[in-house]
Each structure stands twice: as C-alpha cells, then as structure tokens.
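Here's the structure we're looking at; comments come further down.
For the numbers below, each heavy atom of this structure counts, side chains included, while hydrogens, waters and symmetry mates do not. All chains are named by letter (A, B, ...) in the order of the sequence lines, taking the proteins before the strands, and each is independently numbered beginning at 1.
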Protein chains: 2
Amino acid sequence: MVAGGDKRTRLVQAADDLVYRNGYASATLADIAGAAGVPVGNVYYYFRTKESLASAVIATRGRVYAARRDDWDRTLQPRDRVLGFIAMSVDARRDLALSGCPIGSLCSELQKPGSPLGAEAGQLFCEWLDWLGAQFEALGHSRRDAGAQSLHLLSRLQGATLLARALRSVDVLVDEAARASAWIESL
Amino acid sequence: MVAGGDKRTRLVQAADDLVYRNGYASATLADIAGAAGVPVGNVYYYFRTKESLASAVIATRGRVYAARRDDWDRTLQPRDRVLGFIAMSVDARRDLALSGCPIGSLCSELQKPGSPLGAEAGQLFCEWLDWLGAQFEALGHSRRDAGAQSLHLLSRLQGATLLARALRSVDVLVDEAARASAWIESL
DNA sequence: GTCTATAGGCAGATAGAC
DNA sequence: GTCTATCTGCCTATAGAC
C-alpha cells in the first residue's frame, strides 16, 4: 500500500512496483488500484487505459535513471562512472535475480511489432547506451569504439541478470559484474 | 497451420511456434488449437492444462538442442563447437531480433517464485552451460575457469539478443557475436 | 476416442450516481 | 471531481453428446 502524495502519483508508484515484480500482463488494474488505495474504476479518471499508465511508469523510470546519471556526472570521473554503473547491478542483485532488470524485463515482455510501449521501454536502453558511450569516449576511445564497448558492457550485464534470474543464483550476476569491473579497470 | 503428424505432435509444434512469437500468456489455446487444426476443447484430451502443454514445448526444445550438441560433438573439435554455438545466434539473427531467444524469453516470462515452468525453462540454460563448460575444459581451462567462461559467453549472447530485440537492430547482435568469436579464436 | 457447446472467472473499460 | 456498480469480452477448463 503506497501512502502519501496525490492519487495519480500513488497509482504510478504502485504500478511501477507491481509491474516490476509481476510483469505487465500479470499486474492487474485491480491490484494496482488496491495497492495505491484508490478505487478500481477511478483509475480511468487519471489514465485512459492500462497502457497509458504503463507509459507513465516507463517515463518515471527514465527520470530516475537520468537523475542518477546526472549525479554521477557531477561527482565522479568517467572511469568511476562506468564502475558505478556496474556496481548498481551488484547493489541490486537480490531484486535483479528475483525480478530481472526493470528495463530488460519490460522490453522482453512489451516488445511486439508496432507496440508503442516496447519502443518507449527500449528508449531507456538508448539513454544508458548514449551515456556509456560518452564515458568511453572520455576514456580515449573513438566514437565507434565507444559505441561498441557500451553495447558489450550492457550486453554482458543484461545477460548475466537474465541468467541469474533463470538459474536463481545471485552469484552468476555478481561474478560477471566482477569480471566486467576488472575489464574497465584494465582500460 | 501445422499439418501432418498426430494431433498431439501438431499441438506441441503449434504451441512452440506461437509461444515463441507471442509469448506464453498471449498464446491462447484457441490460437494454438486453430493453428494445429484441432478443435479447441479437444486440447484437453491431450493435455491436462495449458501449463502441461507448455511443459511439452520446453521438453521438445530441450531435445532439439541436445541433438544439435550431439551432432557437433561428433563432427567438430571443441573450439569449433563453441564457434558453432555463437554462429547459431548469427544464423538466427532475424528471429532473435524479432522474438528473442527461445530459452531466454521463456525464462523471463515464466520465472516466478515457485513456478515449475520457470525451473524447466531454466534447465535448458543449465544444459547449454554444462556443455559449454566441457568445451572450455577441453581447451585446457580448469573446471572453475571453464564454468566462468561459459557463463560469460552465454551472458553476452543473451544480453546482445535482448538488446537487439529492444533496439530493433540485428546489427547489435551480429557485432557482439563477432567480438565473442574473436575472443574464442584468441584462446 | 473425438468433438461441440458452454460454464465459470477475471480482466479492462464504462455509465452514471453522488 | 470522485467513486460504485456493472458491462462486455476473452480465456481456461469442463460436461456431456456423438
């Protein structure tokens, strides 16, 4: 049960949580409204459809990640920013092994030809890739190289997260993150 | 429409195809039965529940992969077996970028605490990891190292597949597979 | 054994009272 | 504006005719 804030905000928070833990399809509006302390039918006063609520969830996640990147940009050097990105997966290892990546799982579920939600979720990956690319460029790589390194790093972390969940093993993720960190430190 | 074979087999084939392309939840029994040319209600003569049909699909995929590994074991050397594994992703790049990995997507969707289907799907990953580990051992790595290398290789390919789908770009997968192949050849 | 018809339940969405 | 009650549709599953 999400308390405080206006109802629209509470609905988005509750949806964010339930969609992450149960997946989009399994997160029913009844559950979401219940968790937000809002009557079921009233959801439609704030959101036209379930999809538009999901869209708000995706936008919220995007803002949270953007804030984190901005914070790192202000306080860390490029190499430590990338290491911080990897450490983020390690810190969240429990949730990641249980429910997957908040972006990756969503993309996997919503990606259907012509689905706007799938494209919106994919955009979150693009923003991380752009930011990672900038860090690798700052570390002296060409733009082309930086793009490839970013894709490689994100790929291995996404894959490790997926495997950690599939095999129900936190270690799978922690080990691969350690290898990725060692690689970054060797650059 | 799947033709030929007994009805049970046709149902599994149709389910395999539709679950892969649409996901488990979206693949309705009506669609599956329709594609198999079997009356809807009749599905329950062959399978107790939708879950047991999914279980048969997972078992079928497992047998297909096992046959492929056996074939490579008979015809290729360890290094070429691993390269063949990577090439499998490149060959299937279109489908992978469109619908994801037949194992990974399933694990992502079905992995819920206490779900038997999630564990069955995860088992398919275990079988590939065991086989990959044997190849790395044959290439001279310790058992411990071989396990880590296997997880790393599978992680990056799974992640690249996920990203290729999310970004709707075949290149993401092809590029990462090329880097992985170069790594194997350098061992 | 094979299939038709339908039950039962739950989801998203709406209409209209307050 | 806020909420209650309900509607429609779809999906899994079953009961029972042939």
**Prompt:** Any donor and acceptor pair, going by atom type alone, linking the side chain of Arg61(A) with main-chain N or O of Asp16(A) inside 3.5 Å?
**Reply:** yes

**Item:** Set of residues satisfying side-chain contact (heavy atoms from CB on, under 4.5 Å) with respect to Arg63(A), sequence neighbours excluded
**Value:** Ala59(A), Thr60(A)

**Message:** Less than 4.0 angstrom from a charged side-chain N to a carboxylate O is my criterion; do Arg79(A) and Glu185(A) meet it?
**Reply:** no

**Item:** Heavy-atom donor-acceptor pair, Ser55(A) side chain to Glu51(A) backbone, under 3.5 Å
**Value:** no

**Asked** Nearest nucleotide by nearest heavy atom, which residue falls closer to the 5' end of DNA chain C, Thr28(A) or Gly41(A)?
**Response** Thr28(A)

**Item:** Partners passing side-chain contact (heavy atoms from CB on, under 4.5 Å) against Arg74(A) (at least two apart in sequence or in another chain)
**Value:** Asp70(A), Asp71(A)

**Request:** With sequence neighbours left out, write down each residue that passes side-chain contact (heavy atoms from CB on, under 4.5 Å) with Val174(A), or none if nothing qualifies.
**Result:** Arg93(A), Val170(A)

**Prompt:** What pairs of residues pass the ring pair (Phe, Tyr, Trp, His ring centres under 6.0 Å) test when at least one of them lies in residues 144-177 of chain B, not counting sequence neighbours?
**Reply:** His152(B)-Trp183(B)

**Asked** Quantified as the angle between the terminal helix axes (five pairs each), what is the overall bend of the helix from dG1(C)-dC18(D) to dC18(C)-dG1(D) to 10 degrees?
**Response** 10°

**Salt bridge present between Glu176(A) and Arg156(B) (N-O < 4.0 angstrom)** = no

**Request:** Please collect all ring pair (Phe, Tyr, Trp, His ring centres under 6.0 Å) contacts where either partner lies in residues 102-125 of chain A, sequence neighbours excluded, each pair once.
**Result:** none

**Prompt:** What pairs meet the side-chain hydrogen bond (donor to acceptor under 3.5 Å, both in side chains) rule with one or both residues in residues 22-48 of chain B, with sequence neighbours excluded?
**Reply:** Lys112(A)-Ser26(B), Thr28(B)-Asp31(B)

**Asked** Which parts of residues 44-51 of chain B get close to DNA chain C, meaning a heavy atom less than 4.0 angstrom away?
**Response** Tyr45(B), Tyr46(B)

**Item:** ring pair (Phe, Tyr, Trp, His ring centres under 6.0 Å): pairs with one or both residues in residues 54-80 of chain A, sequence neighbours excluded
**Value:** Tyr65(A)-Trp128(A), Trp72(A)-Trp131(A)

**Item:** Residues from residues 112-121 of chain B lying under 4.0 Å of DNA chain C - heavy atoms
**Value:** none

**Asked** chain B on DNA chain C: first and last contacting nucleotide, 5' to 3', under 4.0 Å to a heavy atom?
**Response** dG1(C) to dA5(C)

**Request:** Rounded off to whole Å, could you give me the CG-to-P distance for the Leu29(A) and dC7(D) pair?
**Result:** 19 Å

**Prompt:** Residues two or more places apart in sequence or in another chain: which of them pass side-chain contact (heavy atoms from CB on, under 4.5 Å) with Arg21(A)?
**Reply:** Asp17(A), Leu18(A), Ser99(A)

**Asked** Distance-only, no hydrogens or angles: does the Tyr20(B) side chain make a donor-acceptor pair with backbone N or O of Gly100(B) under 3.5 Å?
**Response** yes

**Message:** If I take atom CD1 in residue Ile32(B) and atom P in nucleotide dC11(D), what distance separates them, rounded to the nearest angstrom?
**Reply:** 11 Å

